[in-house]
Every structure is written in structure tokens, then in C-alpha cells.
Undergrad: 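Below: one structure in C-alpha cells.
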Protein chains: 2
Amino acid sequence: MDIIQYFKFQHLLTDDITERLSKFIHRKTYTKKELILPTDNNSKNIFFIEQGTARVFYAKKDKDVTLYFLQENKIGLPVDSIFYNQVCKFGIEALTETRVATIAYEHWATVAKENIGLLQFSQQLMVEYIKNATDRIYHLKFQTPKERYDTMVSEFPSIFLQAPLGSIASYLGITQETLSRLRAKK
Amino acid sequence: MDIIQYFKFQHLLTDDITERLSKFIHRKTYTKKELILPTDNNSKNIFFIEQGTARVFYAKKDKDVTLYFLQENKIGLPVDSIFYNQVCKFGIEALTETRVATIAYEHWATVAKENIGLLQFSQQLMVEYIKNATDRIYHLKFQTPKERYDTMVSEFPSIFLQAPLGSIASYLGITQETLSRLRAKK
DNA sequence: TGCATTTTTTGATTTCAATCAAAAATCAAC
DNA sequence: GTTGATTTTTGATTGAAATCAAAAAATGCA
């Protein structure tokens, strides 16, 4: 969904604010496998996935691990860069053709400073992010690979159609071979 | 540190706001091993550790896993309960004698609604939380148990003096026996 | 101080997933 | 449609940590 539509859909933002924000938004469509954000960058942009699917990953030497997947209407936030002015270890890769709306955090913050609605909206996004991260840690620590796989199948079946097995396996914390075997025994 | 002192120390909050907040704050000192927040509760409080150390954990049957540790001036936030009105799976346990300042999220939000400084402060806390969670996932997925152990020794050496080995081991994602062995070889 | 309980360490064995390797299947380009 | 590249599956082996079990050490408290 178009980010502006999405904002309005959230009911927190007025037309006035969304229009101010829209001036700062840049859009770009990425092809499959293209990097939306390279690793070890210090981008201070917010990445909103308008269409398609991407994955947030960390890569080093031969290791490549998927941190999480970004589906439509989700936001990728290089926290380290934006809030700590450090290079962000993670990159974002398009898994399908993906349309991304980008806005510099600086602009976002400027508008938010004068508008409590946007600040509350930011907070809501962060709460969502925290919820996901907390659930993620819980799953990584409490479930067996098989259980994590089952959870994923029921919650994000569509990812299996869009992401290569290796990316999914590293998200689940197992190797591609193990995932292939889990999947084989139904 | 006293929560009010800490707020002032952050420079975002005025005396006026901190005083309004202080009316809603309740304090309690917990003894070692006492539960600050039981698991599967639906408390809508913010828990600020004024003094001591606690751990956030999940327990079920024979499993007991430490999600993270809370040291002085850190906040425990039952996200599921506060923002999703669900029972929060996690509990908080005092590892040492611990003084906790509690404030109902409702009150916090009321004051925040009228005060952009507090809202920004909330955001800062959330950013910190996100940073920790992201780093956590990274460590869990990229480091070997030995590396995670070394990281912890250098970053939180004091935890080793306060938490039982089992709690630390489950935080690191290994068994107590494995941690004991890691520790033995230098 | 001495006893009981809890915590930590050490030892032996097992197990599950990683690794290494290669075949099969799928996909993409010509 | 054929070829080549990539992705997925299958097979054999290895290895690191879990598990099971018990001893040793530390802690608490009467």
C-alpha cells in the first residue's frame, strides 16, 4: 500500500501532516535480489515497503543470516545509524520486485516534533517492532527448529513462496539442509 | 538511582513533569529470588529498577530461560499486556535485593499525551530497547556459545556475581554444564 | 561450628543438527 | 527445447553441546 494511504489508514495522522510528510518521500522499485540497503552503511532513512517482500540480513565472510522478513507495510529502521550514528551492520535485500518509500529520519523527526500524532504513530511502530523482537527472541530460545518451522509455516506461509530456502533456514537458525529435511517429513 | 533523579538526569523532563509523574510512582523493595512480576500476568505497569539486579525470564514446565537482565536504571515493560492487552508470558525476578519503582502505564500515557518531552523520552527508552533486542538477536545467531560468553564477561561482568549460573546459561542459550566447562578453560 | 541445602563442577554417553559431498530438480537465458 | 546456472534434496559422517549422573564446593542458617 502507498505509505500515505497507509498513514491515513492508521487514523492517527491528519491530511495536513501526511501531505507535509509526502514532500520528503522518495520512491524506488528494486528488482529481485537487489540491495535496498547495503550492509555496514550509515543510512539515516526509514524504509517503508509499499509492495513486495524484503529481508533484513547480516552477512560476513561466508555467513549470511536473515534477521527478519519485511512484508508489505512494514518498516525497516537502521537503528544503529539513525539513533547511534554508527554504521548499521544489517542490510536489506529485495526478495521479489519491491517498491520502497524512503524518508530521511531527520525530516520525519522535524515533523514529529511539531505533531504529537506523528510522535504517537512513531511510538506505535516501535511498539510493534519491540513486540516482534521479543517474540523472536522467545522463539529462538524456546522452540525447537521443528517448532519454529511450524510456527513460520502457519504465520508466514507466503514467505516460502518468495524467499530462497537458505534465507528462511538462517532466519530459523538452522542450515538449509536441515530445513529441507524438516520440510520433507511433512 | 531514584527514578525521578534519573528522569531529571536525562534533561528531557522538566521539574513540573517529573513531579506530576512522581505522584503515580509506587516503590517496593524485593528480596533475592522474589518475583517482581509473575509470569502469565497482565500487569500494565512499567517497572523501573532503582537499585539491584533482576532478570526477565520465561518459565514453563522444567524449562526456565532468561530473556535478559535488568540492571540499575533499566525498565521492564510487559509489552504484551500494556499494548496488546494479553497476558505477558515473561516474569521478572529479583536476583539481589532490588528496589523497584512502579508506575501504571495509563498514568504515564496521560502525562505523555500532554507533554511532548515525555513522549520523546518514551521514544528514547524504546529505541534503547530495540537496540538491545536487535543486538541480542544478532548475538544469538552469529556467535558461538563461547563468543557469547566472552562478550558477556566483558560487557556485564557484574552479572556473574549476582546471578546463579543456570540463569546466565539460559541467557546465553546453553546449559549450565556447558557454561561451567566454558568457564573452566580459562 | 556443624549440618543441610543449594549451586557448581566433573565425568560418561547420547543426540541432533552441522558439515561435507554429490545428485536431482528447478529456473533462466539463449 | 536445450544448456548452463542456481537451488533444493539426499546421503554419509562428524562434532559440539545436551543429557544423565554423581561428586565437590559453596552457601545459609540453626
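In what follows, every chain begins at residue 1, and chains take the letters A, B, ... in the order their sequences are listed.
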Undergrad: Whole angstroms only, please: what is the CG-P distance between B/L165 and C/dT7?
TA: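 Result: 11 Å.
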Undergrad: Under 4.0 Å between any heavy atoms, over every strand shown, what does B/I174 touch: base, sugar-phosphate, or nothing? Just pick one.
TA: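 Answer is sugar-phosphate: B/I174 comes under 4.0 Å of backbone atoms only.
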Undergrad: Within 45 degrees of the axis of the six-membered ring of A/Y171 and under 6.0 Å from its centre: does A/R148 put its NZ or CZ there?
TA: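 Not flagged: A/R148 not positioned over aromatic ring of A/Y171.
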Undergrad: Does a side-chain N or O from A/K33 land closer than 4.0 Å to OP1 or OP2 of D/dT7, or not?
TA: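 For A/K33, the contact criterion (side-chain N or O under 4.0 Å from OP1 or OP2 of D/dT7) is met.
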Undergrad: Starting at the 5' end of DNA chain C, which residue's closest nucleotide do you reach first, B/A163 or A/G173?
TA: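 So the residue in question is B/A163.
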Undergrad: Just how far, in rounded Å, is P of C/dC16 from CD of A/Q143?
TA: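 Rounded to the whole Å, the gap is 18 Å.
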Undergrad: By nearest atom, which of the nucleotides C/dG11, C/dA18, C/dT6 is closest to the B/R181 side chain?
TA: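 Of C/dG11, C/dA18, C/dT6, C/dG11 is nearest to the side chain of B/R181.
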Undergrad: Looking at B/R183, does any N or O in its side chain come under 4.0 Å of the phosphate oxygens OP1/OP2 on C/dT8?
TA: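 No, outside the criterion.
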Undergrad: Nearest whole Å is fine: how far is C/dT7 C1' from B/L95 CG?
TA: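 Atom-to-atom, B/L95 to C/dT7, this comes out as 14 Å.
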Undergrad: With a cut-off of under 6.0 Å to the ring centre and 45° to the axis, is A/K89 in cation-pi contact with B/Y138?
TA: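 Judged by the rule, A/K89 and B/Y138 form a cation-pi pair.
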Undergrad: Out of D/dT8, D/dT7, D/dT10, which nucleotide sits closest to the side chain of A/E177?
TA: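 Closest nucleotide among those given: D/dT10.
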Undergrad: Which whole-number value in Å describes the distance from A/L182 CG to D/dT8 P?
TA: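 Roughly 15 Å, once rounded to whole Å.
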Undergrad: I want to check one thing: is the phosphate of D/dA18, taken as OP1 and OP2, less than 4.0 Å away from some side-chain N or O of B/T175?
TA: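 So the side-chain polar atoms of B/T175 do come within 4.0 Å of the phosphate oxygens OP1 or OP2 of D/dA18, strictly under.
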Undergrad: Would you kindly give the CZ-to-P distance between A/F160 and D/dT7, to the nearest whole Å?
TA: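 It works out to 17 Å between those atoms.
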Undergrad: Whether A/K32 contacts D/dT6 is assessed here as follows: a side-chain N or O lying under 4.0 Å from the phosphate OP1 or OP2. Is that the case?
TA: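 False: A/K32 side-chain N/O out of range (4.0 Å or more) of D/dT6 OP1/OP2.
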Undergrad: Relative to B/Y84, does A/K131 satisfy both conditions: NZ or CZ under 6.0 angstrom from the six-membered ring centre, and within 45 degrees of the ring's axis?
TA: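 Yes - A/K131 lies over the ring of B/Y84, closer than 6.0 Å to its centre and within 45° of its axis.
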Undergrad: Give the rounded distance in Å between these two atoms: NZ of A/K141 and P of D/dA17.
TA: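 My rounded result for the distance is 15 Å.
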Undergrad: Taking the cut-offs as 6.0 angstrom to the six-membered ring centre and 45 degrees off its axis, would you call B/K63 and B/Y58 a cation-pi pair?
TA: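 Not flagged: B/K63 not positioned over aromatic ring of B/Y58.
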Undergrad: Just how far, in rounded Å, is P of D/dA23 from CD of B/Q176?
TA: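 Going from CD in B/Q176 over to P in D/dA23 covers 18 Å.
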Undergrad: Quick check for you: among C/dA17, C/dA18, D/dA18, whose closest atom lies nearest to any side-chain atom of A/P145?
TA: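 The nucleotide sitting nearest to the side chain is C/dA17.
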Undergrad: Please check if the side chain of B/R136 supplies one atom and the backbone of B/L67 the other of a donor-acceptor pair under 3.5 Å.
TA: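 It does hold such a pair.
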Undergrad: Could you state the atom-to-atom distance from CZ of A/R148 to C1' of C/dC16 in whole Å?
TA: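 Checked: the CZ to C1' distance equals 13 Å.
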Undergrad: From the options C/dT8, D/dT8, D/dA17, select the nucleotide whose nearest atom is closest to the side chain of B/T178.
TA: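 Taking heavy atoms from C-beta onward, the closest nucleotide is D/dA17.
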